[in-house]
2 protein chains.
Amino acid sequence: MRPLFHPPIEAVRLEAVLHALSDPVRVAIFADIAGADCARTCSAFASVNDRQIPKSSLSQHFKVLREAGLIRSERQGVEMHNTARCAEMEGRFPGLVAAIVKAHEVEAAGRTEGIEGLAAK
Amino acid sequence: MRPLFHPPIEAVRLEAVLHALSDPVRVAIFADIAGADCARTCSAFASVNDRQIPKSSLSQHFKVLREAGLIRSERQGVEMHNTARCAEMEGRFPGLVAAIVKAHEVEAAGRTEGIEGLAAK
DNA sequence: TCCCATAGTTCGGGAAATTGGAACTATTGA
DNA sequence: TCAATAGTTCCAATTTCCCGAACTATGGGA
C-alpha cells in the first residue's frame, strides 16, 4: 500500500476543494471531522444522512478529501485517523472552509425545519 | 425555447453551488460577472484563461451557474444579459460567495507570481 | 508462529455526467 | 423576406463516478 499522499498546503487548488465538498456525503463527512475535537476513523461514517455507504465508496471519498488538502489521514494501528487541516486551509484561502461548513449547517437546519413543518401538519 | 429557469433563493443547494464553481471555466466566468458593474453576455467569454470555449459548452456552463442560483440570465434583444445573484446568495449562505471569489483571486495571484518567478530566471 | 478479525484499499465494469461539433431557434436590422 | 448574430439543443465519444468483489495491512489471540 503506497503511503498516503497529502498535498503541501500551497499546492492546494480551489477547484479540488470545491469539487471535494460538492458531494453531499463528503461535506457531511468533512463537517463532522472539522467539528470534532478528536480524530475520526473512516468506519465512523458507514452511514451518512441515514444512508448506508459501501466501504469502497467511503475509501474513495476519503481519498478525494485528502488529495484536495482538506484532511490528513494517519494510520493508527489497524484504523485510520482523520483530522481536518482547517488552520492550514484558513491560511491558504481565508474564510473559505468556515463559510462552507456554516453553509452546510444552514442547509441542515433548513431540512430539519422542513421535517418539523411537515410533522406539524 | 423554454423560458430560463432560476431557482428561488431558498431552494438553492450548497451542493449545486459548489459543483458549479468547482470548474475552472465556471469560477472564472462567475468571478468576472460578480466583479462587473454591468451585465455580461455569454459571448464575452468565448475565451477564458487563454483557452477557446466552444459555444455549446459555454451555453452549458451558463446553464449550470444559472440553475445553481448563482446568476440571473435575461434575454435583451439578441443577446443574454447575465448578472450575479450575490446579494441573495449572501442572505442564504453568508460569506460563501465572497470567500470563493476571494480564493479564486488568491489562486490567480499565485499563478501570476509563478509566471513572474519563471520569467525572472 | 499461524490464523483470524478488523479496517481500508484496489480493481473492474456498468451507470451517469461532460464535452464539443452540427443543426436548430430566436431576435434584429437591412 | 433574407442575412447575421447570439444562444440552445441534440447526440455521440470520452471521462468520471459508484459499488461489489477481491485484496492488503495490522493487531491480537491460541
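Chain naming here is simple, since letters A, B, ... match the order of the sequence lines and numbering starts at 1 in each. Model, not experiment: these values are computed from the prediction.
Once rounded to the nearest 0.5 Å, the distance linking OG of A/S22 with CG of B/D23 reads 11.0 Å.
Counting only heavy atoms from C-beta on, A/K55 has its side chain closest to C/dT9 among D/dT8, C/dT9, C/dT27. For A/R66, the side-chain atoms get nearest to C/dT9 when compared with the rest of C/dG21, C/dG8, C/dT9. When distances run from any side-chain atom of A/H61 to the nucleotides D/dC18, C/dG8, D/dC19, the shortest one goes to D/dC18.
Taking atom CG of A/L58 as the reference point, atom P of D/dC17 lies 16 Å away to the nearest angstrom. The NZ atom of B/K63 sits 17 Å away from the P atom of D/dG7 (whole-angstrom rounding). Across the protein-nucleic acid pair, B/M80 atom CE and C/dA26 atom C1' stand 10 Å apart, rounded to whole Å. To the nearest angstrom, P of C/dA16 lies 16 Å from CG of A/D23. C/dT27 atom C1' lies 13 Å from atom NE2 of B/H81, rounded to whole Å. A straight line from CD of A/Q52 to C1' of D/dC18 spans 16 Å, rounded to a whole angstrom. Taking atom CZ on A/R75 and atom C1' on C/dG8, their separation rounds to 7 Å, with Å as the unit. Counting to the nearest Å, the C1' atom of D/dT8 and the CD1 atom of B/I53 are 17 Å from each other.
Across all non-hydrogen atoms, the minimal contact from B/I100 to B/V27 is CG2-CG1, 4.3 Å. The shortest heavy-atom contact between B/F30 and B/V101 is CE2-CG2, 4.0 Å.
Under 4.0 angstrom from either OP1 or OP2 of D/dC17 there lies no side-chain N or O belonging to B/H19. One finds a side-chain N or O of A/S59 lying less than 4.0 angstrom from the OP1 or OP2 phosphate oxygen of C/dT9. At C/dG20, one or more side-chain N or O atoms of B/R51 fall inside 4.0 Å of OP1 or OP2 (strictly under the cut-off). Distances shorter than 4.0 Å separate some side-chain N or O of A/S57 from OP1 or OP2 on D/dC19.
Nearest-nucleotide positions on DNA chain C for A/S56 and A/E79 put A/E79 closer to the 5' end. Taking for each of A/V78 and B/R40 the nucleotide of DNA chain D with the nearest heavy atom, the 5'-most of the two is the partner of B/R40. For the pair A/G77 and A/Q60, nearest-nucleotide mapping onto DNA chain D gives the more 5' position to A/Q60.
Nucleic acid contact for A/S43: sugar-phosphate only, since backbone atoms but no base atoms lie under 4.0 Å from a heavy atom of the residue.
Looking only at side-chain heavy atoms (C-beta outward), B/F93 and B/V12 come within less than 4.5 Å of each other.
Put simply, the side chain of A/R40 never gets that close to the backbone of A/I33: no donor and acceptor are under 3.5 Å apart.
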